[in-house]
S.K.: 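Can you read through this structure? Questions will come right after.
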Amino acid sequence: QVQVVESGGGLVQAGGSLRLSCTASGRTFRSTLSILDMGWFRQAPGKEREFVAAISWSGGGTYYANSVKDRFTISRDNAKNTVYLQMNSLKAEDTAVYYCAAGRTSVILSAAAYDYWGQGTQVTVSS
């Protein structure tokens, strides 16, 4: 089993920055944490969960939603089993609960492809 824990959310003014962290622990039967793809998703009140960013297990592939491209940066440190989401130039529409997910994905942008999820961390951007 793999446990995923997010941290770093909070309240920030529009134009500000936050860095989210996601730490994975445990060990799956067939996989080690360092070969799990990692993704960030978010869900705003009254809306469906949406893809934000993802990074392949090697770190060689990064993917972003158009709405966050050039503002957010995803990275990972496999030695620490941690993935980061640096969020700059935040907008009110970025307000949501942000979820971290891990898994051996076939479609890295799809929430359904991930096996393990954190409880989420709230990000609130005031305008």
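If you read the sequence from its start, that first residue is 1, and numbering goes on from there.
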S.K.: List the steps and the verdict of side-chain hydrogen bond (donor to acceptor under 3.5 Å, both in side chains) for Asn88 and Ser17.
M.R.: CA-CA 4 Å; Asn88 299 328; Ser17 299; 2.9 Å; yes
S.K.: For residues Ala96 and Ala44, report the shortest heavy-atom separation together with the two atoms involved.
M.R.: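 Closest pair (atom of Ala96, atom of Ala44, distance): CB-N, 3.8 Å.
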S.K.: Backbone N or O of Cys100 within a donor-acceptor pair of the Glu6 side chain at under 3.5 Å?
M.R.: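 Checked: pair present.
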S.K.: Val52 pairs by side-chain contact (heavy atoms from CB on, under 4.5 Å) with which of Leu109, Asp94, Ile74, Val68?
M.R.: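 The residue from Leu109, Asp94, Ile74, Val68 that satisfies side-chain contact (heavy atoms from CB on, under 4.5 Å) with Val52 turns out to be Val68.
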S.K.: Work out which heavy atom in Lys47 is nearest to a heavy atom in Gln43; give both atom names and the distance.
M.R.: O-NE2, 3.1 Å
S.K.: Any link between Leu20 and Phe51 through a network of hydrophobic side chains (Ile, Leu, Val, Met, Phe, Trp, Tyr) touching at under 4.5 Å?
M.R.: no
S.K.: In this structure, would Val2 and Val83 fall into the same cluster of hydrophobic residues linked by side-chain contacts under 4.5 Å?
M.R.: no
S.K.: Taking all non-hydrogen atoms of both residues into account, name the closest pair between Leu36 and Ala102 and its distance.
M.R.: CD1-CB, 4.2 Å
S.K.: Which heavy atom of Ser106 sits nearest to which heavy atom of Ala113, and what is that distance?
M.R.: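 Scanning both residues completely, I find the closest heavy atoms to be N-CB, 4.3 Å.
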S.K.: Say you draw a straight line from OH of Tyr84 to CG of Asp77; how long is it, rounded to the nearest 0.5 Å?
M.R.: 5.0 Å
S.K.: For the residue pair Ala53 and Tyr64, what are the closest heavy atoms and their distance?
M.R.: CB-CD2, 3.7 Å
S.K.: Kindly compute the distance separating CG (Leu18) from CD (Gln86), expressed to the nearest 0.5 Å.
M.R.: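 That separation rounds to 8.5 Å.
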S.K.: How far does CD of Gln122 sit from CG of Leu11, to the nearest 0.5 angstrom?
M.R.: 9.5 Å
S.K.: Looking at Ser126, is its backbone amide N or carbonyl O close enough to the side chain of Gln13 to form a donor-acceptor pair, meaning the two atoms are under 3.5 Å apart?
M.R.: no
S.K.: Find the distance between CZ (Arg42) and CZ (Arg49) and round it off to the nearest 0.5 Å.
M.R.: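 The CZ atom of Arg42 sits 13.0 Å away from the CZ atom of Arg49.
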S.K.: Of all heavy-atom pairs between Ser21 and Thr82, which one has the smallest distance, and what is that distance?
M.R.: CB-CG2, 4.4 Å
S.K.: Can you classify the ring geometry of Phe41 versus Trp117 as parallel (below 30°), tilted (30 to 60°) or perpendicular (above 60°)?
M.R.: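 Ring orientation of Phe41 relative to Trp117: tilted.
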S.K.: Return yes if some donor-acceptor pair links the side-chain N/O of Asp37 with the main-chain N/O of Trp57 below 3.5 Å, else return no.
M.R.: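 Confirmed, Asp37 side chain pairs with Trp57 backbone.
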S.K.: Backbone N or O of Thr95 within a donor-acceptor pair of the Thr124 side chain at under 3.5 Å?
M.R.: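 Not at all, since once roles are kept as given, no pair shorter than 3.5 Å links the two residues.
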S.K.: What is the distance from atom OG of Ser25 to atom OH of Tyr116, rounded to the nearest 0.5 Å?
M.R.: 11.5 Å
S.K.: So does Gly59 get a backbone contact from the side chain of Arg76, meaning a donor-acceptor N/O pair under 3.5 Å?
M.R.: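 Not at all, since once roles are kept as given, no pair shorter than 3.5 Å links the two residues.
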S.K.: Hey, does Arg104 have a side-chain heavy atom less than 4.5 Å from the side chain of Ile35?
M.R.: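 Yes, close enough: below the 4.5 Å cut-off.
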S.K.: Could you state the interatomic distance from CE (Met38) to CG (Leu85), rounded to the nearest 0.5 Å?
M.R.: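 Spacing of CE (Met38) from CG (Leu85) equals 11.5 Å.
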S.K.: When you group the ILVMFWY residues by side-chain heavy-atom contacts below 4.5 Å and let the links chain together, are Trp40 and Val125 in the same group?
M.R.: yes
S.K.: Are Tyr99 and Val4 connected, step by step, through hydrophobic side chains (Ile, Leu, Val, Met, Phe, Trp, Tyr) whose heavy atoms are closer than 4.5 Å?
M.R.: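 No; tracing contacts between hydrophobic side chains, which count when under 4.5 Å, never links both residues.
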